[in-house]
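To start, the structure itself, in structure tokens.
Side-chain atoms are counted along with the backbone in the values below, which use heavy atoms only and exclude waters and symmetry mates. Letters A, B, ... mirror the listed sequences (proteins, then strands); counts begin at 1.
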Amino acid sequence: MADVKFQSEILPELDPSAPLLDVRDLQVEFRTRDGIAKAVNGANFTVNRGETLAIVGESGSGKSVTSQAIMGILETPPAKIAGGEVLFHGVDLLTLSKERKRRVRANHVAMVFQDALSALNPVYTVGFQLAELFRKHRGMSKAEAKKKSLELLDLVKIPAAAQRINEYPHQFSGGMRQRVMIAMALALDPDLLIADEPTTALDVTVQAQIMRLLAEIQAERQMGLILITHDLGVVADVADKISVMYAGRIVEQAPVLDLFGKPAHPYTKALLRSIPRLDTKGQKLEVIEGLPPVLTNIPPGCAFAARCHYAQDVCRTDIPLLETVAADRAAACHFSAEVINGE
Amino acid sequence: MSDVSTPKPSKQRSLWSDAFHDLRKRPTVIVSVVVLLVVFAIAFFPSLFTSVDYKQCDIALTKAGPVSGHPLGFDEFGCDLYSQAIYGAGPSIQLALMVVVITLLVGGFIGVLAGFYGRWVDAIFSRIVDIFSSVPFLLGSILLLAMFRDVDLPLISGQFELIIPAVLTLALFGWTNTMRLIRASVMEARSQDYVHAARSLGAADGRIMFRHILPNAMAPVVSLIPLSIGGLISAEATLSFLGLGIKPPSITWGIMISNGAGWFTGGYPRLLIVPSIFLIVTVLAFVLLGDAIRDALDPKLR
Amino acid sequence: MGRYVIRRLLQAVLTLSVVLFMLHYLMSLAIQINGNPVRTFFGDKPVSDELLQATMEKFNLDDPCLKSVGDPCWGMFTDRMQQWSHFDFGTDFQSVKIGDSIANAIPVTLTIFAITTVVWALFGVTAGVLAAMNRGRFIDYLVRIGTTFTLAIPGFLMLILVQNIFGVIIGNWFREQFGRESFLSLIFQPTYSAKAPFLSLVIPGIALGVFGIAGITRLSRTSMLENLRSDFVRTAKAKGLKRTRVTIVHTLRNSLIPVVTVIGFALGDALGGSVVLEGLYNIPGLGLLAFNGVKTNDTAVVIAVVALASVVFMVTNLIVDLFYAVLDPRIRYE
């Protein structure tokens, strides 16, 4: 779906025919008191225009760090990008100058954060925080910027926007606040939107509304969308494909229906079993035994081996690589063939 | 960065033992603790450090330099400077410790009551705190001590007689800080689950307050104890300097500073520098220890 | 907001009345215990009862309640409050109108506090912010060591050292080099000089500022550090804003809110410190007035000055609280 006419003032060298986002072997480390924590150990995925990728994993699996590395907003130090490429239409965002990285944010790649209450500045009105984008990036006057901000609030379906624009974040409800966050991310019409647990802090009914809003806007604008979540259930309806992360690695990648139907990695399988479902009522809900490895001390071999029913000796010595297991899908497991066949 | 889990230590330690382990390893803590041990030893057993009587003065030796047996020389009245500095530690340290204990007990007790019961109990105590804190600490102490400087307190005699007025005054203006801190943390703790749990198990108010809430509410106060001891030593020295604290013939660092200040530029800077160094090193040790404890209890602000 | 202000004002009036009465009661108690200060006017000379009585009357110290220990002397208190309501603050033992003394002292003390506040805002906040932005680097260590030392050196000792080093040693050198009337000689003075009322207050004002600066610097630093790792600063970065805008608009502005509140407390410390400072430098401000009043048991002066100090302190804290609400929209006083 690449838009061949796509051009950018900020990134004139970009290649419109290359994928919107192509992350290759991304590695991020953190310096901690207990040593180097390898938060991301070689993440690979691509997102095209109009496509929704869900990155799923437990907390500590490296999914949020990955998204912040793409945005270029990791605190360095303590974080350090130890390797890999983040290609936006073929341009490696990691190697850009600071100034160009800054301009890519919001203009090309934007982000929606988890907890809108803490992610919005409490001492400024919502209008100020929206208008700021237009004034600083587009050089608009106050009046113009306010007009554009109002349009955005309407777009994300905030009622009585003209009045609410002068209110502070704490005066909004959780769902409305998250809509403000989304409006802010959409302000400069980005090509890629990263939503980091956009609904985790919300009530279940509101969760669905926010997901629907995101899906609608994404379809309308033909953006790329990355949804970061720990909850497979939330993304089932909206995602096109899913990458499952575990201990800083992508362990499985598949179109959403394939993954739900026939998981190819034991961890994915375990995750699916731990989702409460209506049709399996009466069955015991499974939990994944054990804890994920400590990131400063990841054992050799497969990081999931200690918690895995399929684990053999090879799993404790050799790291499984992400390999194609079927059309459009890959898994990093020595026994993915057995897993996918449900043995 | 909600997603970056800092790996937890395999053994789960409590906040306090974690803090203690952290503290033991720091050089500033070790140095300050050693300094404070020496200062306490000086304060409570001055005769171990000098055999010279600080009251034995020979005016003929006025401002004389160091000689054998008198390592720091003599002050303007011919008194031995070293033994004065040694005996000058006691009153300040004792005073500071007494004031801290009183403010902790009074401020802590009232703070727990006000924070736990809220409503009118809180309203009354908070107004009382307002009254005391509307007169600045040092101003109020100066005022009070000056007004009653010639009054002999009944019922008290012996060595404490000299420091009691200053102790009472400093405690009177000092308890409000402790009260406010404890009140705030008790209010926060009151609504927490373990308190509800204790209450639903039928624990009495008193038990909930002092067994469940207080130990948890103490953390912000504990790190302030060394700092406030340091501050009180400063305050006492200030009052002595103004002639309002401990009075001659007793000696304190504040009195020595007051005596020596005039000679600093008159060719005898030693008379000011000696007591100043004793005072600054002591307060510095308390400040460093207090900072270290606060950092250990709240590592993210380091 | 309006209701909150009214409630706070009522509370302040109540607190102030209690403070005034306590002051009055303590001063009466001091006279009841120590004896009437009027007697000391005559030294050891024998004095007739009539003369003594007449002198006591002159200074309003003839009330018989001053002879019985513990008597609250209500009559004296209500009389004084009535006088005050007409802005008549009585006279001191030198028969000078107290209102005039205070009016003369206020500009002097205000000048000192203005310098002090500038030191806090300019140096205190800047140092804290720089330390936070350069966390773990040289500036951070320098600022942290600096604040530790200013906490460890008692205020009065620092004032003595500043007076001796800057006023005497350095000042004398300037006076020898450039003459007595040169700019630097006037700034570096060991005592207040009526010839250069502003310049000779600069160093004492800065010294008083250093007295309370540690708290302000440390709070600015921690507050900046907290906000620098807050989610909304991360959002500001994600919005592609420039570093200066992220720092000033989205971090500094938020960080200054708690700093404003400690300035109220620091002012309280400075009010106490000004007694020592003005005594040392012989500065004819409110602190010296209060201190001399206390020394001579001049009740009328002490109550008036301390009451004024309390009013200033309370009003400052009220303004700080209201300012807090303006700076932080989450705070609503109802």
Margin query: Is it the case that over 12 heavy atoms from other parts of the model lie below 6.0 angstrom from the CZ atom of C:Phe174?
Written below: yes
Notebook entry, point to check: Does any heavy atom of chain B fall under 4.5 Å from the side chain of C:Leu267, the backbone, both, or neither of them?
Noted result: neither
Notebook entry, point to check: Counting heavy atoms not belonging to B:Phe40, are there more than 12 under 6.0 Å from its CZ?
Noted result: yes
Note to self: Looking only at heavy atoms and a cut-off of under 4.5 Å, which of B:Leu139, B:Thr282, B:Leu242, B:Ile128 has the most pairs with chain C?
What the structure shows: B:Leu139
Next item on the list: Nearest 0.5 Å please: distance from the CD1 atom of C:Ile160 over to the OG atom of B:Ser258.
Entry: 7.5 Å
Margin query: Does C:Phe149, at its CZ atom, have more than 12 non-hydrogen atoms belonging to other residues, nucleotides or ligands within less than 6.0 Å?
Written below: no
Note to self: Need one label for C:Leu151: side chain, backbone, both or neither, based on atoms under 4.5 Å from any heavy atom in chain B.
What the structure shows: both
Check: Taking side chain as C-beta onward, heavy atoms only, is C:Val275 less than 4.5 Å from B:Leu143?
Finding: no
Next item on the list: Report the distance from atom CZ of B:Phe241 to atom CG of C:Leu159, rounding to the nearest 0.5 Å.
Entry: 8.5 Å
Notebook entry, point to check: Side chain, backbone, both or neither: which part of B:Ile233 has a non-hydrogen atom closer than 4.5 Å to chain C?
Noted result: neither
Item checked: Gap between atom CZ of C:Phe291 and atom CG of B:Leu244 - 0.5 Å precision -> 5.5 Å
Checklist line | Partner chain C: residue of B:Asp130, B:Ile142, B:Ile280 with the largest heavy-atom pair count (under 4.5 Å) | finding: B:Ile280
Next item on the list: Could you look at C:Gln11 and say if it's the side chain, the backbone, both or neither that has a heavy atom under 4.5 Å from chain B?
Entry: side chain
Notebook entry, point to check: Between C:Leu16 and chain B, which part of the residue has a heavy atom less than 4.5 Å away: side chain, backbone, both or neither?
Noted result: neither
Note to self: Can you give me the closest heavy-atom contact between C:Thr148 and B:Leu288, atom names plus distance?
What the structure shows: CG2-CD2, 3.6 Å
Notebook entry, point to check: Any side-chain heavy atom of C:Phe156 within less than 4.5 Å of one from B:Ile257?
Noted result: yes
Note to self: Between B:Thr238, B:Val287, B:Val283, who has the most heavy-atom pairs with chain C when the cutoff is under 4.5 Å?
What the structure shows: B:Thr238
Item checked: C:Leu26, part contacting chain B, at a heavy-atom distance under 4.5 Å -> both
Margin query: Shorter than 4.5 Å, heavy atoms on both sides: which option in C:Val19, C:Leu157, C:Ile153 has the most such pairs with chain B?
Written below: C:Leu157
